[in-house]
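Everything below concerns the one structure shown next.
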Protein chains: 2
Amino acid sequence: MNLNIGDVSKRTGLRAKTIRYYEDIGLVTPLRDTNDYRVFRETDLHKLTFLSRARALGFTIDDCRNLLALYEDETRASADVKEITSKHLKEIEAKINDLQAMHATLSHLSKECAGDHRPDCPILEGLSGDDRR
Amino acid sequence: MNLNIGDVSKRTGLRAKTIRYYEDIGLVTPLRDTNDYRVFRETDLHKLTFLSRARALGFTIDDCRNLLALYEDETRASADVKEITSKHLKEIEAKINDLQAMHATLSHLSKECAGDHRPDCPILEGLSGDDRR
DNA sequence: CCTTGACCCTCCCCTTACTGGAACCCCCAT
DNA sequence: ATGGGGGTTCCAGTAAGGGGAGGGTCAAGG
(Lines give C-alpha, C1' and ligand atoms only; values in the text may rest on other atoms or scores of the structure.)
Protein backbone atom coordinates (compact mmCIF):
# COMPACT_ATOMS: atom_id res chain seq x y z
CA MET A 1 0.00 0.00 0.00
CA ASN A 2 2.65 2.52 -1.00
CA LEU A 3 1.36 5.41 -2.96
CA ASN A 4 2.90 7.98 -5.24
CA ILE A 5 1.97 11.60 -5.01
CA GLY A 6 -0.47 11.28 -7.89
CA ASP A 7 -2.38 8.52 -6.16
CA VAL A 8 -2.57 10.49 -2.97
CA SER A 9 -3.71 13.50 -4.92
CA LYS A 10 -6.58 11.52 -6.38
CA ARG A 11 -7.61 10.09 -3.04
CA THR A 12 -7.43 13.29 -1.04
CA GLY A 13 -8.51 15.78 -3.65
CA LEU A 14 -5.38 17.81 -2.91
CA ARG A 15 -3.16 18.79 -5.80
CA ALA A 16 0.34 17.39 -5.99
CA LYS A 17 1.69 20.92 -5.60
CA THR A 18 -0.23 21.34 -2.40
CA ILE A 19 0.98 18.05 -1.01
CA ARG A 20 4.59 19.01 -1.73
CA TYR A 21 3.96 22.31 -0.02
CA TYR A 22 2.58 20.54 3.03
CA GLU A 23 5.72 18.49 3.16
CA ASP A 24 7.82 21.65 2.84
CA ILE A 25 6.20 23.18 5.86
CA GLY A 26 6.42 19.98 7.83
CA LEU A 27 2.80 18.82 7.94
CA VAL A 28 3.62 15.44 6.45
CA THR A 29 6.84 13.53 6.02
CA PRO A 30 6.52 10.88 3.35
CA LEU A 31 9.36 8.45 2.77
CA ARG A 32 11.50 8.52 -0.36
CA ASP A 33 12.10 5.83 -2.91
CA THR A 34 15.52 5.27 -4.45
CA ASN A 35 14.46 7.40 -7.41
CA ASP A 36 13.56 10.28 -5.09
CA TYR A 37 9.84 9.73 -5.57
CA ARG A 38 7.80 10.41 -2.46
CA VAL A 39 6.31 7.29 -0.90
CA PHE A 40 3.14 7.77 1.11
CA ARG A 41 1.89 5.29 3.63
CA GLU A 42 -1.52 4.81 5.14
CA THR A 43 -0.81 7.28 7.94
CA ASP A 44 0.30 9.95 5.49
CA LEU A 45 -2.90 9.43 3.59
CA HIS A 46 -4.93 9.84 6.76
CA LYS A 47 -3.14 13.03 7.66
CA LEU A 48 -3.59 14.51 4.23
CA THR A 49 -7.25 13.60 4.19
CA PHE A 50 -7.56 15.30 7.53
CA LEU A 51 -5.80 18.37 6.21
CA SER A 52 -7.93 18.47 3.13
CA ARG A 53 -11.09 18.52 5.18
CA ALA A 54 -9.84 20.97 7.76
CA ARG A 55 -8.75 23.37 5.02
CA ALA A 56 -12.09 22.98 3.28
CA LEU A 57 -13.70 24.07 6.52
CA GLY A 58 -11.61 27.19 6.48
CA PHE A 59 -9.09 26.40 9.18
CA THR A 60 -5.75 28.13 8.64
CA ILE A 61 -2.63 26.08 8.11
CA ASP A 62 -1.59 27.03 11.58
CA ASP A 63 -4.85 25.75 13.04
CA CYS A 64 -4.41 22.62 10.97
CA ARG A 65 -1.00 22.06 12.45
CA ASN A 66 -2.46 22.23 15.94
CA LEU A 67 -5.46 20.11 15.08
CA LEU A 68 -3.23 17.50 13.52
CA ALA A 69 -1.12 17.37 16.66
CA LEU A 70 -4.25 16.80 18.71
CA TYR A 71 -5.48 14.25 16.21
CA GLU A 72 -2.31 12.25 16.73
CA ASP A 73 -2.23 12.65 20.46
CA GLU A 74 -4.25 9.88 22.05
CA THR A 75 -4.18 11.69 25.39
CA ARG A 76 -5.60 14.99 24.10
CA ALA A 77 -8.44 16.77 25.81
CA SER A 78 -11.38 17.34 23.52
CA ALA A 79 -11.64 20.80 25.09
CA ASP A 80 -8.51 21.83 23.19
CA VAL A 81 -10.04 20.84 19.89
CA LYS A 82 -13.27 22.55 20.73
CA GLU A 83 -11.49 25.75 21.63
CA ILE A 84 -9.77 26.02 18.26
CA THR A 85 -13.06 25.29 16.60
CA SER A 86 -14.95 27.89 18.60
CA LYS A 87 -12.42 30.54 17.79
CA HIS A 88 -12.69 29.66 14.13
CA LEU A 89 -16.46 29.73 14.27
CA LYS A 90 -16.33 33.24 15.67
CA GLU A 91 -14.05 34.34 12.86
CA ILE A 92 -16.43 32.87 10.35
CA GLU A 93 -19.30 34.71 11.94
CA ALA A 94 -17.36 37.97 11.84
CA LYS A 95 -16.60 37.50 8.17
CA ILE A 96 -20.19 36.72 7.37
CA ASN A 97 -21.25 39.88 9.16
CA ASP A 98 -18.76 41.99 7.26
CA LEU A 99 -19.82 40.53 3.99
CA GLN A 100 -23.47 41.01 4.75
CA ALA A 101 -22.87 44.65 5.60
CA MET A 102 -21.01 45.16 2.35
CA HIS A 103 -23.74 43.39 0.49
CA ALA A 104 -26.46 45.53 2.03
CA THR A 105 -24.70 48.77 1.20
CA LEU A 106 -23.79 47.75 -2.31
CA SER A 107 -27.08 46.23 -3.27
CA HIS A 108 -28.82 49.35 -2.05
CA LEU A 109 -26.62 51.53 -4.24
CA SER A 110 -26.95 49.12 -7.11
CA LYS A 111 -30.72 49.23 -7.01
CA GLU A 112 -30.68 52.99 -7.30
CA CYS A 113 -28.48 52.87 -10.36
CA ALA A 114 -30.23 52.94 -13.70
CA GLY A 115 -27.50 50.92 -15.39
CA ASP A 116 -27.99 52.50 -18.79
CA HIS A 117 -25.96 54.65 -21.17
CA ARG A 118 -26.26 57.79 -19.04
CA PRO A 119 -23.39 58.83 -16.79
CA ASP A 120 -25.35 59.53 -13.61
CA CYS A 121 -24.53 56.85 -11.13
CA PRO A 122 -25.53 56.58 -7.49
CA ILE A 123 -22.90 53.91 -6.99
CA LEU A 124 -20.09 56.26 -7.88
CA GLU A 125 -21.71 58.97 -5.81
CA GLY A 126 -21.86 56.63 -2.88
CA LEU A 127 -18.21 55.78 -3.31
CA SER A 128 -17.09 59.37 -3.57
CA GLY A 129 -16.97 61.62 -0.56
CA ASP A 130 -20.57 62.51 -1.17
CA ASP A 131 -22.02 61.52 2.18
CA ARG A 132 -25.74 61.91 2.15
CA ARG A 133 -27.40 58.80 3.38
CA MET B 1 -4.71 73.36 0.18
CA ASN B 2 -1.65 71.21 -0.28
CA LEU B 3 -1.45 68.26 1.98
CA ASN B 4 1.30 66.00 3.16
CA ILE B 5 0.86 62.28 3.30
CA GLY B 6 0.07 62.39 7.02
CA ASP B 7 -2.77 64.85 6.49
CA VAL B 8 -4.22 62.74 3.72
CA SER B 9 -3.91 59.70 5.90
CA LYS B 10 -5.98 61.35 8.61
CA ARG B 11 -8.65 62.52 6.21
CA THR B 12 -9.04 59.31 4.27
CA GLY B 13 -8.44 56.81 7.03
CA LEU B 14 -5.80 55.15 4.83
CA ARG B 15 -2.39 54.59 6.27
CA ALA B 16 0.59 56.40 4.83
CA LYS B 17 2.03 53.10 3.72
CA THR B 18 -1.10 52.27 1.83
CA ILE B 19 -1.12 55.62 0.10
CA ARG B 20 2.47 55.16 -1.02
CA TYR B 21 1.52 51.75 -2.30
CA TYR B 22 -1.36 53.22 -4.27
CA GLU B 23 1.06 55.65 -5.85
CA ASP B 24 3.42 52.77 -6.64
CA ILE B 25 0.76 50.93 -8.56
CA GLY B 26 -0.40 54.05 -10.31
CA LEU B 27 -3.73 54.76 -8.66
CA VAL B 28 -2.74 58.29 -7.63
CA THR B 29 0.05 60.59 -8.73
CA PRO B 30 0.71 63.27 -6.14
CA LEU B 31 3.15 66.07 -6.95
CA ARG B 32 6.49 66.39 -5.21
CA ASP B 33 7.88 69.23 -3.17
CA THR B 34 11.52 70.30 -3.43
CA ASN B 35 12.32 68.15 -0.41
CA ASP B 36 10.76 65.09 -2.11
CA TYR B 37 7.72 65.17 0.12
CA ARG B 38 4.55 64.14 -1.65
CA VAL B 39 2.10 66.97 -2.24
CA PHE B 40 -1.56 65.99 -2.51
CA ARG B 41 -4.17 68.20 -4.05
CA GLU B 42 -7.91 68.20 -3.74
CA THR B 43 -8.33 65.73 -6.60
CA ASP B 44 -5.86 63.31 -5.06
CA LEU B 45 -7.79 63.50 -1.84
CA HIS B 46 -11.02 62.72 -3.68
CA LYS B 47 -9.49 59.75 -5.42
CA LEU B 48 -8.07 58.35 -2.21
CA THR B 49 -11.36 58.79 -0.40
CA PHE B 50 -13.01 56.95 -3.24
CA LEU B 51 -10.46 54.17 -3.01
CA SER B 52 -10.84 53.92 0.72
CA ARG B 53 -14.56 53.41 0.42
CA ALA B 54 -14.40 51.05 -2.51
CA ARG B 55 -11.86 48.90 -0.70
CA ALA B 56 -13.98 48.91 2.43
CA LEU B 57 -16.79 47.52 0.32
CA GLY B 58 -14.58 44.69 -0.76
CA PHE B 59 -13.75 45.70 -4.31
CA THR B 60 -10.38 44.40 -5.46
CA ILE B 61 -7.65 46.85 -6.41
CA ASP B 62 -8.29 45.94 -9.99
CA ASP B 63 -11.98 46.74 -9.68
CA CYS B 64 -10.99 49.98 -7.99
CA ARG B 65 -8.81 50.89 -10.91
CA ASN B 66 -11.71 50.43 -13.27
CA LEU B 67 -14.17 52.18 -11.03
CA LEU B 68 -11.80 55.09 -10.64
CA ALA B 69 -11.48 55.40 -14.39
CA LEU B 70 -15.25 55.49 -14.70
CA TYR B 71 -15.46 57.95 -11.82
CA GLU B 72 -13.22 60.31 -13.74
CA ASP B 73 -14.87 59.78 -17.07
CA GLU B 74 -17.74 62.24 -17.43
CA THR B 75 -19.04 60.32 -20.44
CA ARG B 76 -19.22 56.94 -18.72
CA ALA B 77 -22.29 54.75 -18.93
CA SER B 78 -23.69 53.90 -15.53
CA ALA B 79 -24.23 50.40 -16.89
CA ASP B 80 -20.48 49.82 -16.74
CA VAL B 81 -20.37 50.73 -13.08
CA LYS B 82 -23.36 48.60 -12.34
CA GLU B 83 -21.85 45.63 -14.08
CA ILE B 84 -18.71 45.70 -11.94
CA THR B 85 -20.88 46.07 -8.89
CA SER B 86 -23.16 43.18 -9.83
CA LYS B 87 -20.23 40.91 -10.40
CA HIS B 88 -18.84 41.87 -7.03
CA LEU B 89 -22.20 41.33 -5.36
CA LYS B 90 -22.32 37.83 -6.77
CA GLU B 91 -18.86 37.10 -5.42
CA ILE B 92 -19.92 38.35 -2.02
CA GLU B 93 -22.95 36.11 -2.12
CA ALA B 94 -20.82 33.13 -3.06
CA LYS B 95 -18.47 33.80 -0.18
CA ILE B 96 -21.32 34.15 2.25
CA ASN B 97 -22.71 30.84 1.09
CA ASP B 98 -19.38 29.12 1.50
CA LEU B 99 -18.93 30.52 4.95
CA GLN B 100 -22.42 29.58 6.00
CA ALA B 101 -21.87 26.02 4.84
CA MET B 102 -18.64 25.83 6.81
CA HIS B 103 -20.35 27.30 9.79
CA ALA B 104 -23.18 24.81 9.65
CA THR B 105 -20.87 21.83 9.45
CA LEU B 106 -18.53 23.06 12.14
CA SER B 107 -21.12 24.19 14.61
CA HIS B 108 -22.84 20.85 14.25
CA LEU B 109 -19.63 19.02 15.07
CA SER B 110 -18.84 21.44 17.83
CA LYS B 111 -22.15 20.87 19.52
CA GLU B 112 -21.51 17.14 19.65
CA CYS B 113 -18.14 17.64 21.28
CA ALA B 114 -18.06 17.44 25.05
CA GLY B 115 -15.13 19.81 25.31
CA ASP B 116 -13.74 18.30 28.47
CA HIS B 117 -10.59 16.48 29.52
CA ARG B 118 -11.46 13.30 27.68
CA PRO B 119 -9.89 12.54 24.30
CA ASP B 120 -13.05 11.48 22.45
CA CYS B 121 -13.84 14.18 19.95
CA PRO B 122 -16.49 14.20 17.24
CA ILE B 123 -14.77 17.19 15.64
CA LEU B 124 -11.62 15.21 15.00
CA GLU B 125 -13.68 12.27 13.87
CA GLY B 126 -15.49 14.50 11.44
CA LEU B 127 -12.20 15.81 10.09
CA SER B 128 -10.68 12.39 9.66
CA GLY B 129 -11.75 10.08 6.89
CA ASP B 130 -14.48 8.80 9.09
CA ASP B 131 -17.43 9.51 6.86
CA ARG B 132 -20.60 8.76 8.70
CA ARG B 133 -22.93 11.65 8.46
C1' DC C 1 16.27 -1.67 -28.14
C1' DC C 2 14.10 2.62 -28.62
C1' DT C 3 10.63 5.85 -28.25
C1' DT C 4 6.54 7.99 -26.41
C1' DG C 5 3.66 9.74 -22.95
C1' DA C 6 2.58 9.98 -18.33
C1' DC C 7 4.63 10.58 -14.10
C1' DC C 8 7.89 12.51 -10.90
C1' DC C 9 11.70 15.72 -9.17
C1' DT C 10 13.75 20.50 -7.70
C1' DC C 11 14.06 25.37 -8.07
C1' DC C 12 12.52 29.82 -8.73
C1' DC C 13 9.38 33.52 -9.41
C1' DC C 14 4.42 35.24 -9.10
C1' DT C 15 0.11 36.26 -6.77
C1' DT C 16 -2.99 40.12 -3.19
C1' DA C 17 -2.82 44.06 -0.79
C1' DC C 18 -0.48 45.52 1.87
C1' DT C 19 2.83 45.70 6.58
C1' DG C 20 7.16 46.08 9.05
C1' DG C 21 11.65 47.58 9.44
C1' DA C 22 16.19 49.69 8.39
C1' DA C 23 18.63 53.60 7.22
C1' DC C 24 18.35 58.04 6.10
C1' DC C 25 16.68 63.28 5.40
C1' DC C 26 13.99 67.54 7.05
C1' DC C 27 12.08 70.97 10.13
C1' DC C 28 11.04 73.14 14.47
C1' DA C 29 11.46 73.81 19.42
C1' DT C 30 14.19 73.65 23.23
C1' DA D 1 23.09 70.35 19.46
C1' DT D 2 19.59 67.57 20.35
C1' DG D 3 15.23 65.61 20.42
C1' DG D 4 10.96 64.49 18.37
C1' DG D 5 7.97 63.99 14.87
C1' DG D 6 7.40 64.44 10.27
C1' DG D 7 9.02 62.58 5.63
C1' DT D 8 11.83 59.42 2.00
C1' DT D 9 13.64 54.94 -0.23
C1' DC D 10 14.26 50.11 -0.54
C1' DC D 11 14.12 45.29 1.09
C1' DA D 12 11.72 41.50 3.02
C1' DG D 13 7.76 39.10 4.49
C1' DT D 14 2.87 37.58 4.88
C1' DA D 15 -1.06 33.00 3.31
C1' DA D 16 -1.37 29.35 0.72
C1' DG D 17 -0.20 27.86 -2.77
C1' DG D 18 0.19 28.39 -8.60
C1' DG D 19 2.93 28.42 -12.94
C1' DG D 20 6.46 27.01 -15.46
C1' DA D 21 11.37 25.70 -16.70
C1' DG D 22 14.43 22.03 -17.06
C1' DG D 23 15.25 17.48 -16.22
C1' DG D 24 14.92 12.32 -14.48
C1' DT D 25 11.88 7.80 -14.48
C1' DC D 26 8.73 4.18 -15.71
C1' DA D 27 5.85 1.12 -18.44
C1' DA D 28 3.98 -0.06 -22.83
C1' DG D 29 4.16 -0.54 -27.72
C1' DG D 30 6.67 -1.00 -32.20
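Throughout, protein chains are lettered first and strands after them, A, B, ... in sequence-line order, and every chain is numbered starting at 1.
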Original post:
According to the interplanar angle, ranging from 0 to 90°, do the rings of A/Phe50 and A/Tyr71 count as parallel (below 30°), tilted (30 to 60°) or perpendicular (above 60°)?
Top reply: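 Because their plane-to-plane angle is under 30°, the rings of A/Phe50 and A/Tyr71 count as parallel.
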Original post:
Can you find a pair of side-chain heavy atoms, one from B/Thr75 and one from A/Pro119, that are under 4.5 Å apart?
Top reply: no
Original post:
Do any side-chain nitrogens or oxygens of A/Arg15 fall under 4.0 Å of OP1 or OP2 in D/dA16?
Top reply: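 Answer no for this pair, as no side-chain N or O of A/Arg15 is under 4.0 Å from OP1 or OP2.
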Measure from [atom1] on [X] to [atom2] on [N] and round the result to the nearest Å.
| X | N | atom1 | atom2 | result |
| --- | --- | --- | --- | --- |
| A/Phe40 | C/dC7 | CZ | P | 16 Å |
| A/Arg20 | D/dA16 | CZ | C1' | 16 Å |
| B/Glu23 | C/dA17 | CD | P | 19 Å |

Original post:
Between the side chains of A/Asp116 and B/Ser78, does any donor sit under 3.5 Å from an acceptor?
Top reply: yes
Original post:
Can we say A/Asp44 and A/Arg38 salt-bridge, meaning some charged N sits less than 4.0 Å from an Asp/Glu carboxylate O?
Top reply: no
Original post:
Where along residues 32-39 of chain A does a heavy atom fall under 4.0 Å from DNA chain C?
Top reply: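 Close to the strand are A/Arg32, A/Asp36, A/Tyr37, A/Arg38.
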Original post:
For atom CZ of B/Arg55, is the number of surrounding heavy atoms from other residues, nucleotides or ligands below 6.0 Å larger than 12?
Top reply: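 Yes, because the 6.0 Å sphere around CZ of B/Arg55 holds more than 12 heavy atoms from other groups.
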Original post:
Hey, does B/Ile25 reach any base, or is it just sugar-phosphate, or nothing, if we go heavy atoms under 4.0 Å?
Top reply: nothing
Original post:
Which sits closer to the 5' end of DNA chain D, A/Thr18 or B/Ile5, going by the nucleotide each is nearest to?
Top reply: B/Ile5
**OP:** Select from B/Tyr22 and B/Lys17 the residue whose nearest nucleotide in DNA chain C is closer to the 5' end of that strand.
**Re:** B/Tyr22
